[in-house]
Number of protein chains: 2
Amino acid sequence: MALAEVFRALGDPVRLEMVQRLVKEESCTISAVSEGLGITRQGARKHLQVLVSARIVQLEPKGRDVYVLLAPERLDEARAFIAELEAKWDSRLDALKKFVEKG
Amino acid sequence: MALAEVFRALGDPVRLEMVQRLVKEESCTISAVSEGLGITRQGARKHLQVLVSARIVQLEPKGRDVYVLLAPERLDEARAFIAELEAKWDSRLDALKKFVEKG
DNA sequence: CTATAATGCAATCAAAAGGTTGCTTATGCA
DNA sequence: TGCATAAGCAACCTTTTGATTGCATTATAG
């Protein structure tokens, strides 16, 4: 399942923080999303690459800088997947409830 | 962020499959959720433990069996987190749109 | 034109993850 | 009582992950 890769990418505090930054701030360079995370630039860069591989973000070089762009499609797929699980779960509970009511 | 642990737990095809099984089927034993995953029982058990640690599932021993119960709260937190990201993202796009319209 | 800032690339390293095998324990059923 | 089934525990192994350091490259600001 390709979704597992998306969840995995979100499964780290550093990467989660990066995604949150990208949601808040318009136009982040790699430097910007990597600052103040308590790890080195290269460490952060590896995390960023995980997000790129999961296609949660895209990189766009512009001169000396590389801009990091959020690609929200994958996030939406992940959200929808969980929502579907919840829907199935709820309908099962409903069925159970009706079964109990019937006696 | 505790949510990272939830995402991480979902970030594996085997565990994702387990969760899907638990949504579909009522009352699964450890054996049931571990069958047919292409790995050994002990391997599956380790995956299950990851889900337990992330509090996505609970274990309930009953006699010789141990039942695996889905605890949907964490899944809902994860879904809500993404939904919130999307909301922020959308409102930023709206703001940008208005800015552009104003000239 | 040169210094500096943004980035890339590679080697290295410890720790965690994913998986296995082997053995033990305990429960339920015939 | 005896045997099959469900599960636990521990050791072990390989690969991946998270992070580092060091050095090279490239582009912009003065």
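Atom set for the values below is all heavy atoms of this structure, side chains included, hydrogens, waters and symmetry mates excluded. Sequence lines set the chain letters: A, B, ... in the order given, protein chains first and strands last, and positions in each chain run from 1.
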Roughly how many Å is it from CG in B:L48 to C1' in D:dG8, rounded to a whole number?
13 Å
Which parts of residues 17-24 of chain A get close to DNA chain C, meaning a heavy atom less than 4.0 angstrom away?
none
Taking side chain to side chain contact (heavy atoms under 4.5 Å, CB included) as the definition, give me every residue that meets it alongside B:I39, ordered by chain and number, with sequence neighbours left out.
B:V14, B:L37, B:A44, B:H47
Among residues at least two apart in sequence or on other chains, which ones pass side chain to side chain contact (heavy atoms under 4.5 Å, CB included) with A:A32?
A:C28, A:T29
OP1 or OP2 of C:dT7 versus the side-chain N and O atoms of A:S31: is any pair under 4.0 Å?
yes
Within this structure, what is the CD-to-P distance between A:E60 and C:dA6, rounded to whole angstrom?
19 Å
Salt bridge (charged side-chain N to carboxylate O under 4.0 Å, His left out) partners of residues 5-18 of chain B, not counting sequence neighbours, each pair once
B:E17-B:R21
Within residues 46-70 of chain A or reaching into it, pairs that qualify as salt bridge (charged side-chain N to carboxylate O under 4.0 Å, His left out) - sequence neighbours excluded:
none
In whole angstroms, how far is the P atom of C:dA6 from the CD1 atom of A:I30?
12 Å
Is A:R45 near enough to C:dG8 that one of its side-chain N or O atoms lies under 4.0 angstrom from OP1 or OP2?
yes
Contact state string [nucleotides 12-17 of chain C, B base, S sugar-phosphate only, - no protein heavy atom under 4.0 Å]
-----S
For nucleotides 21-30 of chain D, just jot down a letter per nucleotide in 5' to 3' order: B, S or -, based on protein non-hydrogen atoms under 4.0 Å.
BB----BS--
Please name all residues satisfying side-chain hydrogen bond (donor to acceptor under 3.5 Å, both in side chains) with A:R45, sequence neighbours left out, ordered by chain then number.
A:Q49
Can you name the salt bridge (charged side-chain N to carboxylate O under 4.0 Å, His left out) partners of B:E35, sequence neighbours left out?
none
Just the rounded figure in Å: distance from C1' of C:dT27 to OH of B:Y67.
13 Å
For A:I39 and D:dT20, give me the distance from atom CD1 to atom P, rounded to whole Å.
6 Å
Ignoring hydrogens and angles, write down the donor-acceptor pairs under 3.5 Å from the side chains of residues 67-77 of chain B, residues two or more places apart or on other chains.
unit_1, atom_1, unit_2, atom_2, d
B:D76, OD1, B:R79, NE, 3.3
B:D76, OD1, B:R79, NH2, 2.9

Which residues pass the salt bridge (charged side-chain N to carboxylate O under 4.0 Å, His left out) test with A:K24, sequence neighbours left out?
none
Nearest-Å distance for atom pair CG/P, residues A:L37 and D:dG18
14 Å
Once you build an axis from the first five pairs and another from the last five of the helix from C:dC1-D:dG30 to C:dA30-D:dT1, how far apart in angle are they, to 10 degrees?
30°
